[in-house]
Amino acid sequence: MVKDTASYSQQYLGVDFRQHPERYRIGKGEQGVLLAEPYKSELLPHWRFRTPEAARVSSQKLYAMYEEYKARGDFVGMDMARKFLQMGYTRARRYANHKSGQKYEGPVPPERRGQSGAWGRAVRPLEPDPEKAASAQIFWALYRKVMEDPLYIAMRKAH
């Protein structure tokens, strides 16, 4: 199989993944979560993690949307809801560790903008925020529920 090196933003530009689910790539982790339409526009307005209550409402809504996509047999929608639940966990976890949301010291080198990683920068000291840690756990529970769903597992394998 030939590896496609074009970026998600290039491949996803102008694609309606409800009409063309075959063009959707699962990717690693949350890859493409803010690019795949119309799902991004449907899910993003419900994504909140600032407080445990906001995380509870958000994660329950995102999980309900996962169930709706599942009832329609819409794997792309299911996977996108999974990505938003995962992103709720990872972002809340980052803020739980670093109140500023900045994991690394100093600016990102210009040639590395838009890429993840330290790129020679030191990790900031931990500044624990128990409220964000609680938010992260709320998202984690529903993310795990999706990842353990036998239908999701089968559809992911088939996709």
To the nearest 0.5 angstrom, please state how far the CZ atom of Phe17 sits from the CD atom of Glu22.
9.0 Å
Distance alone, cut at 3.5 Å: any donor-acceptor contact between the side chains of Arg156 and Tyr152?
yes
Measuring centre to centre across the rings, with the benzene-like ring taken for any Trp, is Tyr69 within less than 6.0 Å of Tyr66?
no
Contacts of Glu67 meeting salt bridge (Lys or Arg N to Asp or Glu O under 4.0 Å) (sequence neighbours excluded), chain-then-number -> none
Hey, what do you get for CD (Glu37) to CG (Leu44), rounding to the nearest 0.5 Å?
9.0 Å
For the atom pair CG (Leu85) and CD1 (Ile138), what is the distance rounded to the nearest 0.5 Å?
12.0 Å
Which donor-acceptor pairs under 3.5 Å do the side chains of residues 47-55 make with protein atoms, sequence neighbours left out?
from: Trp47; atom 1: NE1; to: Phe84; atom 2: O; distance (Å): 3.4
from: Thr51; atom 1: OG1; to: Ala54; atom 2: N; distance (Å): 3.0

Go through the steps for Tyr89 and Tyr143 under the test side chain to side chain contact (heavy atoms under 4.5 Å, CB included), then give the verdict.
CA-CA 8 Å; Tyr89 168 73; Tyr143 166 73; 5.6 Å; no
Any ion pair linking Arg91 and Glu30 (charged N to carboxylate O, less than 4.0 Å)?
yes
Contact between Glu42 and Arg18 at the side-chain level, heavy atoms closer than 4.5 Å - yes or no?
yes
Could you tell me whether the side chain of Val146 reaches within less than 4.5 Å of the side chain of Tyr63, counting heavy atoms only?
yes
Ser41 side chain vs Pro38 backbone, donor-acceptor pair below 3.5 Å:
no
Mind checking whether Tyr24 and Phe75 have parallel, tilted or perpendicular rings, split at 30° and 60°?
perpendicular
What heavy-atom pair brings Phe139 and Ser58 nearest, and what distance separates the two atoms?
CZ-OG, 3.6 Å
Distance from Met78 atom CE to Leu151 atom CG, nearest 0.5 Å?
5.0 Å
Would the distance check show the side chain of Gln19 and the main-chain N or O of Asp16 forming a donor-acceptor pair, the cut-off being under 3.5 Å?
no
For Arg23, does the CZ atom sit with more than 12 other heavy atoms under 6.0 Å from it, leaving out its own atoms?
no
Do Tyr39 and Val33 have side chains that get closer than 4.5 Å, going by heavy atoms?
no
Heavy-atom pair of closest approach, residues Asp149 and Lys70
OD2-NZ, 2.7 Å
Is it true that Arg82 and Gln86 share a donor-acceptor pair across their side chains at a distance under 3.5 Å?
yes
Partners of Lys83 by salt bridge (Lys or Arg N to Asp or Glu O under 4.0 Å), sequence neighbours excluded?
none
Please round to the nearest 0.5 Å and tell me the distance separating atom CG of Leu35 and atom NZ of Lys40.
7.5 Å
